[in-house]
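To start, the structure itself, in structure tokens.
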Amino acid sequence: MFADATHSKTKNDECLDVGLELCPVCGDKVSGYHYGLLTCESCKGFFKRTVQNNKKYTCVEHQACTVDKTQRKRCPFCRFQKCLHVGMKLEAVRADRMRGGRNMFGPMYKRDRALKEQRKALLQAARSSLKSSLPPPPPPPPPHRGFSLSCGLQADPLPQPHPLLPPSSSRLPQHQSPSVLDWSVKAEPRSSFTSSDPGGLRLPPLMMEFLRCDPDELQLQSRITARLQQEQQRHASSSSSSSSSCSLLCIMADQMLCSIVEWARTSFFFKQLQVSDQMKLLHHSWSQLLLLDVVSRQVLCGNESRLLLITGQEVELSDITCRAGPTALSLIQRGQQLVEKLLKLKADRQEFACIKFLILFNPDVEDVVDRGFIESVQEQVEGALLEYTLSSSQVLGRFALLLQCVSELQSLSSLTESYLHSRHLSARVCCNNLLSEMLHARQSWTGALACA
DNA sequence: CTAGCCTTGACT
DNA sequence: AGTCAAGGCTAG
């Protein structure tokens, strides 16, 4: 089966192996195996200099600086830490500085290549099983022409923050370890394979990176709660009637969207994209990410009969369904089915963190400049998710089932988006915010151009 | 210091 | 002879 793959390696294959891979330290293009694994040329050189010259660095922050292509020069301490963390080998740097030849890692590189080939085949298998199990492909989202995501996607630092983005949000401490990112709404987390887990389940480095990008749930909760209270007060003082629960929900969704944009904007890999590509990706995925946020909260901390909101409040599902129209009702039911499916799979926070990136880095989005990069990020994410699901459950089927859930989420979000759009047009609720901007996308092309 | 390009040499 | 991961060199 794989017999000829090892010998007759075409140039094309090599591009797939090396050219498209991304450095696990900084995300730059990989140039080959260096000191134990595939890395870019610059991290290879950095690692060599550091070890050869026995350099000692110190971090002026909290030893958790972001290390990516644009910021790798900023903190050599954290860069070196990351080199070690992802598995670069000190022993591969030669004490005698002998040039050329081979070292003891040769066989390891060979095994790694074989493993990657195998993984690629597994991915293909999972993809094709997904295709055959889901006959109708998810309908494409309504045609967008652009929107003024400029509120969140301008270059760092934000010159003019979105009026709804609290000023502190861009200055959250970057050094939060996954352990502080607990979903502390409910007492018992379903599962957590943190790196400190003595059980020994290894978390792929990329997954650690994704978890680090996850926003702090508690901070978000208090921020959005405050915003909602503010709105309620505003209504109480300006008119006799209190604000409707619908408009509060819209504000909540709008705030969640802002946090999604903020999450993306500060995330590993995404930062490397041009603003125009960032906008296209977010434009294509916002409703999926929003839905995933609701669904994952429900799966991780929720209660069967109640919908858990970002504010920590719980709403009886029956209260919602009895007021919903037929379309909304079927959407809610499909959402519930998806939650149940994910509960059965015992999807965890690590997997949701991966899935968010999987959704965001969609290489099928039209007219992106950096499609190659987006493709390779998606491949890396799929690889990390596959590795994780294999190590935690030993069943390949679980990975395919997770992908199936993602696919269901995509089609459900597309339907929800259309539904909200029609509601939005007819009722003209919730104006002047990011949510309505997204829904009105086709009309606000001019705003999008402002950030070019 | 950084990072892209160059040279080397054991292994196939 | 070709491959490719070591170390080396050097502009910026």
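All figures in this text were calculated on a predicted structure; none of them were measured in a lab. In what follows, chains carry the letters A, B, and so on, assigned in the order in which the sequence lines appear, proteins first and then strands, with residues in each chain numbered from 1.
Picking from B:dA3, C:dA6, C:dC9 the nucleotide with the shortest atom distance to the side chain of A:R72 gives B:dA3. Minimum atom distance to the side chain of A:S42 is reached by B:dA3, of the listed B:dA3, C:dA5, C:dG7. Closest approach to the A:K73 side chain among B:dA10, B:dT2, C:dA6 is made by B:dT2 (side chain taken as heavy atoms from C-beta onward). Minimum atom distance to the side chain of A:V93 is reached by C:dG7, of the listed B:dC11, C:dG7, C:dA6.
Heavy-atom contacts from other residues, nucleotides or ligands closer than 6.0 Å to CZ of A:R94 number more than 12.
Atom P of nucleotide C:dA5 and atom CG of A:D96 are separated by 19 Å, given to the nearest angstrom. The interatomic distance linking A:D28 (CG) with B:dC5 (P) rounds to 12 Å, in whole Å. Between A:F47 atom CZ and B:dG4 atom C1' the separation is 20 Å, expressed in whole Å. The interatomic distance linking A:Y35 (OH) with C:dA6 (P) rounds to 6 Å, in whole Å. Rounded to a whole Å, the CZ atom of A:F46 is 10 Å from the C1' atom of B:dC1. Between A:R97 atom CZ and B:dT8 atom C1' there is a gap of 15 Å when expressed in whole angstrom units. In this entry the distance linking CZ of A:F105 with P of C:dT3 reads 24 Å, nearest Å. A:E41 places its CD atom 11 Å from the P atom of C:dA6, with the value rounded to the nearest Å.
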For a side-chain hydrogen bond (donor to acceptor under 3.5 Å, both in side chains) check, start with the C-alpha distance between A:Q71 and A:R74, then their side-chain angles and the critical distance, and finish with the verdict. CA-CA 5 Å; A:Q71 298 180 73; A:R74 210 179 280 180; 3.2 Å; yes
Between A:T70 and A:D68, does the side-chain hydrogen bond (donor to acceptor under 3.5 Å, both in side chains) criterion hold? Intermediate values first, please. CA-CA 6 Å; A:T70 54; A:D68 59 25; 3.0 Å; yes
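Residue-to-nucleotide proximity on DNA chain B shows that, of A:R99 and A:K110, the 5′-proximal contact is made by A:R99. Taking for each of A:K44 and A:N53 the nucleotide of DNA chain B with the nearest heavy atom, the 5'-most of the two is the partner of A:N53.
Contact annotation: A:R113 reaches the phosphate of C:dA5 (side-chain N/O to OP1 or OP2, under 4.0 Å). The phosphate of C:dG8 has OP1 or OP2 within less than 4.0 Å of a side-chain N or O from A:Q52. OP1 or OP2 of B:dC1 has at least one side-chain nitrogen or oxygen of A:K55 nearer than 4.0 Å. For B:dC11, the OP1/OP2 oxygens have no side-chain nitrogen or oxygen of A:Y109 closer than 4.0 Å.
In summary, the aromatic rings of A:F47 and A:F80 are positioned with their centroids under 6.0 Å apart.
In this structure, A:R79 is positioned above the aromatic face of A:F46, its NZ or CZ under 6.0 Å from the six-membered ring centre and within 45° of the axis.
Judged by distance alone with a 3.5 Å cut-off, a donor-acceptor contact links the side chain of A:R49 to the base of B:dA3.
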